[in-house]
Amino acid sequence: HKQLKVFPKSFLWGSASAAYQVEGAWDTDGKGPSVWDNFVRIPGKTFAGTNGDIAVDHYHQYPQDVALMSELGLSAYRFSVAWSRIYPLGNGEINQAGLDFYDRLINELVEKGIEPIVTLYHWDIPQALQDQYGGWESRQIVDDFVRYAKTLFVHFSDRVKYWVTMNEQNVFISHGYKTAMHPPGVRDEKRMYQANHHANLANAAAIVAFRSLGCPGKIGPSFAYGPNYSIDANPENVLAAENAEAFDAHFWMDVYARGEYPPQVWQWLVDNHLAPDVYPEDAILLKQGIPDFMGVNYYRTMTNAYNPLDGVGIEQMNTTGKKGTAQESGLPGVYKHVRNPHLQRTNWDWDIDATGLRIGLRRIASRYQLPVMVTENGLGEYDTLTDDLQINDDYRIDYLNEHALAVQQAISDGVEVLGYCTWSFTDLLSWLNGYQKRYGFVYVDRDENSAKSLTRYKKKSFYWYQEVIRSHGATL
Ligand code: BG6
């Protein structure tokens, strides 16, 4: 075991959430509907038909939630702003009551010494923009996103120093336009790559706007990174793993960090008549919008093997919560994801791999020379509230302890890591998996069928993280 460096003094010990998954109050105080408010009402789209109408009622219970964050000792809290609370129609009149809610939340955090990390966009585009021009499929989204982003920068940047532009563009674009598991529920790769290009432009334009306003602080996207392995040393499989890394990671992160699409993937897009329309000025904007850090949401690694041209296609996630029900998936002729025999899996078939986080952080640091921030990491599992109101989530403690240690190892390897945010602080709605797949340090008494009491209970992991933060990582 090599000697580990101590966590830097400024290291942020955080936890994260997203508006739709915690807030509830879906039509309160002038909020407009988002695409998720409507999508969840289509029968069969979410587990047991769950929605975020009430979620865990953070909109009303935030004072209690922030008090719990303070009791735990969090130094940062990452949350997202619901665009349609600020602009109910996406680009029309501003809704003061929406700004007021986030003012109250941010003031409460700042008062308790908790650094707010604000995500501009965590998947909940205003329905009005989807109806008006097809949301991300139109270039018009870039201007509207920038107007919304500027409103937040101007209003909050006296108190907010860390901004995340976009959460997991790779996930919302792929599930929105390829697997159709997220809104708008389309299966059309040509449209997917065009929408993705607009998201790239919106990301870069928001970063440029942030700097042109002279806002203090740091800004960057959060990418869902599942580092790719080869199943073995067979060169065909190694090539497949490199393909997976190019298609599923470099295709997004190269654009963020270098302002360029990776040539190998671009060639594939051209060959398959899938390349998006790119204007000459786009290249300039993408080069200007290089972030201050790369946000990384890390849950698992992916293991790859050769996939013939007539091989397996698109991903269908295990949303059943029954281990072993995940199907093989891939991109024909490019790669195929296979089971890694060396790793344990969660009940939702996600490989558990702390070393993968160390590998991923190192890859990002050496390819992009950017600091990284772990903006999400956590374990979704069933939890049980015992008769004496305890939640003994030792499995979550084990997972988080190993992963936080992997962060410390990456720091010791020379990677600059700004902070570590667990997913999540309270239990919350898993988009497709309902309320039974829990991630929090704080258990919330509700289930698929009913919002129940919404009472908060501290899990065993709450006390574990409290010690980690109190010792600045020495108890890991
Ligand atoms: C990330 C998202 O993809 O993973 C979160 O940013 C999400 O919003 C989390 O909840 C866990 O995913 P899931 O599918 O288990 O809820």
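This one's a predicted model, so the numbers in the text were calculated from it and none came from an experiment. Remember, it's 1-based here, ligands and their atoms both numbered in the order they're listed.
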List every atom of ligand 1 that sits less than 4.0 Å from any heavy atom of Glu168, numbering the atoms from 1 in the order shown and giving each element. 1 (C), 2 (C), 3 (O), 6 (O)
Check if Asn167 has a non-hydrogen atom at a distance under 4.0 Å from any atom of ligand 1. yes
Where is the tightest heavy-atom contact between Arg85 and Asn95, given as atom of each residue plus distance? O-ND2, 2.9 Å
protein heavy-atom neighbour closest to atom 10 (O) of ligand 1 works out as Gln21 NE2, 2.9 Å
Pick one of side chain, backbone, both or neither for how Trp350 approaches ligand 1, counting any non-hydrogen atom pair under 4.0 Å. side chain
Validation row, ring centre Phe7 to ring centre Trp13 under 6.0 Å: yes
Evaluate whether atom NZ of Lys323 has more than 12 neighbouring non-hydrogen atoms of other residues, nucleotides or ligands under 6.0 angstrom away. yes
Taking only heavy atoms of Ser430, which atoms of ligand 1 are found under 4.0 Å from at least one of them? 13 (P), 14 (O), 15 (O), 16 (O)
Centre-to-centre under 6.0 Å for Phe101 and Tyr62, is that the case here? yes
Would Lys31 and Asp37 satisfy salt bridge (Lys or Arg N to Asp or Glu O under 4.0 Å), going step by step from the backbone distance to the final call? CA-CA 11 Å; Lys31 177 179 168 293; Asp37 288 314; 2.7 Å; yes
Please say whether more than 12 non-hydrogen atoms of neighbouring residues, nucleotides or ligands are located less than 6.0 Å from NZ in Lys218. no
Could you tell me if any non-hydrogen atom of Asn433 lies under 4.0 Å from any atom of ligand 1? yes
Do the ring centers of Trp26 and Tyr59 come within less than 6.0 Å of each other? no
Step through it carefully: locate the ring centre of Tyr298, locate the ring centre of Trp423, and say whether they are under 6.0 Å apart. no
Counting non-hydrogen protein atoms only, what is the nearest one to atom 9 (C) of ligand 1? Give residue, atom name and distance. Tyr299 OH, 3.4 Å
Return the residue, atom name and 0.1 Å-rounded distance of the protein heavy atom closest to atom 2 (C) of ligand 1. Glu376 OE1, 3.4 Å
Atom 11 (C) of ligand 1: the protein heavy-atom neighbour that sits closest, reported with distance to 0.1 Å: Tyr439 OH, 3.3 Å
Answer with side chain, backbone, both or neither: which part of Trp348 has a heavy atom less than 4.0 angstrom from an atom of ligand 1? neither
Heavy-atom pairs closer than 4.0 Å: do any link ligand 1 to the side chain of Ala18, the backbone, both, or neither? neither
Does any N/O atom on Trp431 come nearer than 3.5 Å to any N/O atom on ligand 1? yes
